[in-house]
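A quick write-up on the structure given underneath.
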Amino acid sequence: MSPLNLLPGAINELIATVTDTNRLTVADRYGIMAAILDESISEEERGSLDRLIRSLIKGRIQVTDELSIVS
């Protein structure tokens, strides 16, 4: 299996978008999955993902079936 390499800034962009829209799209979910599987992300990025997941669990973020949010 080839190693997973996220684009630089991808996690921060994903978190900013979800925080701004309060919606989690299909593409966002795949991005979160890829980030969680990436063993090279920083502790800061992992903490940001943890906070995002806690917001999701608390119902602050709506899960949608949209592929992505086009502005």
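Each residue takes its place number in the sequence, starting with 1. These numbers come from a predicted model, not from an experiment.
Using a 4.5 Å heavy-atom threshold, the side chains of Leu14 and Leu52 count as touching. Residues Leu24 and Ile32 are in side-chain contact: their nearest non-hydrogen atoms beyond the backbone lie under 4.5 Å apart. A heavy-atom distance below 4.5 Å is not found between the side chains of Val18 and Leu56. Here the side chains of Thr17 and Thr25 are not in contact, with every heavy-atom distance at 4.5 Å or above.
Closest approach of Glu44 and Arg51 over heavy atoms only: O-NH2, 4.5 Å. Here the shortest heavy-atom pairing between Asp38 and Arg46 reads O-NH2, 3.4 Å.
To the nearest 0.5 angstrom, Arg29 atom CZ is 6.5 Å from Thr64 atom OG1. For the atom pair CG of Leu49 and CZ of Arg54, the computed distance is 11.0 Å after rounding to the nearest 0.5 Å. Note that CD1 of Ile61 and OG1 of Thr21 are 8.0 Å apart. Values are rounded to the nearest 0.5 Å. Atom CD of Glu45 is separated from atom CG of Asn12 by 6.0 Å, given to the nearest 0.5 angstrom.
Formation of a donor-acceptor pair under 3.5 Å by the Asp50 side chain with backbone atoms of Gly47 is not found in this model.
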